[in-house]
Amino acid sequence: MNGYDISSYQAELETGIVPSDFVIIKATEGTNYINPTWEEQAKQALQVGKLLGLYHFAGIANPISEADFFISTIKNYVGKALLNLDFEAGAIKAWGNIGARQFLNRVKEKTGINPMIYMSAEVTRQFNWSTISNSNALWVAQYASTSPTGYQSEPWSDGKGYGAWSSAAIHQYSSSGTLMNWNGQLDLNLAYINSEQWKELAGGSSTATQNNTNNNSQLEDDDLMKFTYEIIEAKTGKSQGTIYYYDGNKVLALSHQDQLKIIRQIYKDTTGKDLKQYSWRTDAPWYVRFMQSINQKSVEVAWK
């Protein structure tokens, strides 16, 4: 299937008349930018029966906050559009693959749908994506040249593969595309999935509708990414006494044993699994590295 992706740079483009099987539209960026024409263009595409995708351009803010902003903006299109995270530029440095995974997991947690992730072919090989490659489909960017082109049925690739993904679902192969009814250049894409697979990834199938009830018992433990940990003094081998809880967004210091009991019970009831517990030593301060990876400066005290 052939399609293109657009942002506010193509605000005047009418998606209903520019030829394509699908169109992917930028909806949001960071935690406060909304593309002013995304919804009008999305409606145009759906009215003429085109497949629709919506994407969030990753900023450098907290990945959970960005995911919440994206979901709140496009909530009326969940199940109608394929959701995507555009992972490039500053987010590669600010988030790394951990932040990208946090965003994707948050969208899954709140909608029941696994978003697709967009990145260059080089970035697929820059990080270890094995934890998401089986759940989140790949939209890859790789260009042969910047020469003007129409749709291509067999776009060029360098043959080096896509890291943890065996193949891409969508290949963006040009930023210099030329199509009827639009005078400017466009990003052109070839989808290796069919329309039914697209709708399934978007959550339009009966399975996805069931997932949209947010039945967390169907979510994988790794997808939820919630756990507790304690800090062990290297010299004594004993715990410092405080239990810390990562809720998928921030680290909290539990101030009472009953808090830990309640959290574990609810997690068990909703997932059918035990909440993971780690013991991290002061001579190998993984707790410090983890705080750095989620951009949290200090631990918050839970429910004083």
Side-chain angles (χ1 to χ4, degrees), residues 1-27 29 35-57 77 80-89 115-125 136-163 165-202 204:
M1 299 191 299
N2 296 310
Y4 55 88
D5 60 274
I6 56 176
S7 66
S8 60
Y9 290 110
Q10 295 85 24
E12 296 180 1
L13 185 147
E14 296 183 38
T15 57
I17 63 173
V18 177
S20 69
D21 298 308
F22 63 88
V23 57
I24 305 175
I25 306 169
K26 178 179 179 178
E29 178 177 343
N35 176 3
T37 58
W38 79 265
E39 190 163 17
E40 178 185 352
Q41 291 173 318
K43 289 178 180 178
Q44 291 172 3
L46 292 177
Q47 285 172 354
V48 297
K50 294 186 178 184
L51 296 170
L52 176 65
L54 297 172
Y55 76 85
H56 173 84
F57 187 90
Y77 286 79
K80 301 177 183 178
L82 196 159
L83 307 182
N84 303 270
L85 171 64
D86 186 338
F87 181 68
E88 53 182 307
M116 188 174 291
I117 185 168
Y118 167 96
M119 67 186 78
S120 69
E122 180 181 354
V123 176
T124 67
R125 303 186 287 262
N136 300 89
L138 175 65
W139 176 16
V140 71
Q142 190 171 48
Y143 303 166
S145 72
T146 57
S147 299
T149 181
Y151 286 130
Q152 299 178 17
S153 59
E154 296 182 359
W156 172 87
S157 70
D158 62 13
K160 297 180 180 179
Y162 305 125
W165 285 278
S166 58
S167 61
I170 303 175
H171 181 179
Q172 183 192 83
Y173 54 86
S174 177
S175 60
S176 306
T178 58
L179 297 176
M180 290 176 57
N181 300 325
W182 178 246
N183 292 327
Q185 295 183 325
L186 290 169
D187 295 339
L188 298 186
N189 299 267
L190 176 65
Y192 298 104
I193 54 176
N194 58 36
S195 61
E196 290 305 312
Q197 291 169 319
W198 182 291
K199 292 175 183 177
E200 185 176 351
L201 288 171

If only atom types and distance count, is the side chain of W198 paired as donor or acceptor with the main-chain N or O of L52 below 3.5 Å? yes

Exam field: side chain S20 to backbone G3, donor-acceptor pair closer than 3.5 Å: no

Using a 3.5 Å distance criterion without hydrogens, assess whether the side chain of S176 forms a donor-acceptor pair with backbone atoms of T146. yes

For a 4.5 angstrom cut-off between non-hydrogen side-chain atoms, does L138 reach M119? yes

With side chains defined as the heavy atoms from C-beta onward, is the minimum distance between I6 and Q41 less than 4.5 Å? yes

Report yes if some heavy atom in the side chain of M116 is under 4.5 Å from a heavy atom in the side chain of L83; otherwise report no. no

Taking the ring of W156 and the ring of Y173, is the distance between their centroids below 6.0 Å? no

D5 versus L186: any side-chain heavy-atom pair under 4.5 Å? no

Y55 ring centre to K26 NZ or CZ under 6.0 Å, with the angle to the axis within 45°? no

If we count only N and O atoms by modelled type, under 3.5 Å, do the side chains of Y118 and E88 hold a donor and an acceptor together? no

When rounded to the nearest 0.5 angstrom, what distance separates CG in L51 from NZ in K80? 14.5 Å

Taking Q197 for its side chain and N194 for its backbone only, find out whether a donor-acceptor pair lies under 3.5 Å. yes

Do P115 and L85 have side chains that get closer than 4.5 Å, going by heavy atoms? no

4.5 Å side-chain heavy-atom contact, W139 and N84: yes

State whether the side chain of Q10 and the backbone N or O of S7 hold a donor-acceptor pair below 3.5 Å, judged by distance alone. yes

Between the OG atom in S120 and the CZ atom in F87, the distance rounded to the nearest 0.5 Å is 9.5 Å

For atom OH of Y9, is the number of surrounding heavy atoms from other residues, nucleotides or ligands below 6.0 Å larger than 12? no

Just wondering, more than 12 heavy atoms not from N181 lying within 6.0 Å of its CG? yes

Exam field: side chain H171 to backbone Q142, donor-acceptor pair closer than 3.5 Å: yes

With a 4.5 Å limit on heavy-atom distance, are the side chains of N2 and L190 in contact? yes

If we only count heavy atoms from C-beta on, is the T15 to Y4 side-chain gap below 4.5 Å? yes

Main-chain N/O of G161 paired with R125 side-chain donor or acceptor, under 3.5 Å: yes

